[in-house]
Participant: 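I have a structure here, written as structure tokens, and I will follow up with some questions on it.
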Amino acid sequence: MDIATLERTDRADVVDLWRAAGLIHPWHDPEREYDDALTGSTSTVLGVRVDVALIATVMVGFDGHRAWIYRLAVAGPRRGEGIGRELVVAAEEWAREAGARKVQLMVRRSNVAVQGFYERLGYEDADVVTLGRWLGEAR
Ligand SMILES: CC(C)(COP(=O)(O)OP(=O)(O)OC[C@H]1O[C@@H](n2cnc3c(N)ncnc32)[C@H](O)[C@@H]1OP(=O)(O)O)[C@@H](O)C(=O)NCCC(=O)NCCS
């Protein structure tokens with residue numbers, strides 16, 4: 001399986017996959033998220049294409065202290081084949097090469113199903129509360 005760094009021309013397929021995987025909520029701007037992640041050297045989006053179809057993605061970035069994984073998605077019919085695991089490993093490798101010593105991710109509390117997946121890959125509940133605030137215009 002070839003895991004590649006995605007490009008701007010992949011954007012429409014990426015956003016379709018994220019939507020189909022239930023990752024996009026009304027307050028998200030996935031096209032902008034995607035473009036932002038491809039801008040600069042501190043983040044990237046990795047993906048897998050089989051023939052012409054995009055079947056999996058993961059976004060990873062290094063903020064200078066920790067690396068963060070986002071937008072892990074595998075197309076429904078291709079789940080359970082080890083593709084999600086391979087993408088997380090690839091994101092970890094990217095993070096290691098970027099200089100990170102620890103990688104973290106956030107899972108919505110409502111996404112109970114995915115927690116078992118991450119535990120299987122060695123991720124532990126960090127027992128922290130994540131706080132956030134939008135910058136700029138009110139939403
Ligand atoms: C989460 C997701 C990426 C997993 O991808 P996948 O390709 O189906 O997972 P894999 O086949 O690589 O599974 C890896 C391991 O996790 C296990 N696993 C997968 N899903 C699991 C689950 N819900 N609970 C417990 N274990 C799980 C597999 O059995 C496998 O174990 P093994 O390697 O010991 O045999 C996929 O289900 C998905 O796209 N979900 C929707 C989007 C989403 O919620 N993304 C995460 C946002 S934080």
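Numbering of ligands and ligand atoms starts at 1, following listing order. From a predicted model like this one, the values you see are computed outputs, not experimental measurements.
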Participant: Evaluate the 4.0 Å heavy atom contact test for atom 32 (P) of ligand 1: does a protein atom fall under the cut-off?
Facilitator: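 So atom 32 (P) of ligand 1 has protein heavy-atom neighbours under 4.0 Å.
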Participant: Side chain, backbone, both or neither: which part of L87 comes within less than 4.0 Å of ligand 1 when only heavy atoms are counted?
Facilitator: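 The answer is neither.
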Participant: Taking A53's backbone N and O only, do any of them form a donor-acceptor pair with D51's side chain (distance below 3.5 Å, no angle check)?
Facilitator: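 No; zero donor-acceptor contacts below 3.5 Å.
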Participant: Using modelled atom types only, decide if a donor and an acceptor are shared between the side chain of R108 and the backbone of N111 within a distance under 3.5 Å.
Facilitator: no
Participant: Test your reading of the structure: does E86 have an N or O sitting under 3.5 Å from an N or O of ligand 1?
Facilitator: no
Participant: Quick check: does Y118 get an N/O under 3.5 Å from an N/O on ligand 1?
Facilitator: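 N/O-N/O distance under 3.5 Å: no.
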Participant: Quick check: do I69 and V88 have side-chain heavy atoms less than 4.5 Å from each other?
Facilitator: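 Answer yes - side chains close enough.
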Participant: When you compare ligand 1 with L121, is there at least one nitrogen or oxygen pair between them that comes in under 3.5 angstrom?
Facilitator: no
Participant: Looking at ligand 1, would Y70 count as a contact under a 4.0 Å heavy-atom criterion?
Facilitator: no
Participant: Any idea which part of L105 is under 4.0 Å from ligand 1, heavy-atom wise: side chain, backbone, both or neither?
Facilitator: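 The answer is neither.
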Participant: Compute the shortest N/O to N/O distance between A21 and ligand 1 and return yes if it is under 3.5 Å, no if not.
Facilitator: no
Participant: Could you see which bit of R71 sits under 4.0 Å from ligand 1, with heavy atoms only: side chain, backbone, both or neither?
Facilitator: neither
Participant: Heavy-atom distances under 4.0 Å are what count here, so tell me which part of R85 touches ligand 1: side chain, backbone, both or neither.
Facilitator: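 Answer for R85: both.
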Participant: Do any non-hydrogen protein atoms sit less than 4.0 Å from atom 29 (O) of ligand 1?
Facilitator: no
Participant: Closer than 4.0 Å and a protein heavy atom, does any atom meet both conditions relative to atom 21 (C) of ligand 1?
Facilitator: yes
Participant: Backbone or side chain, does any N or O of L72 fall under 3.5 Å from an N or O of ligand 1?
Facilitator: yes
Participant: Could you tell me whether A73 and ligand 1 have an N or O pair separated by under 3.5 Å?
Facilitator: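 N/O-N/O distance under 3.5 Å: no.
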Participant: Would you check whether V74 has a nitrogen or oxygen atom less than 3.5 angstrom from a nitrogen or oxygen atom of ligand 1?
Facilitator: yes
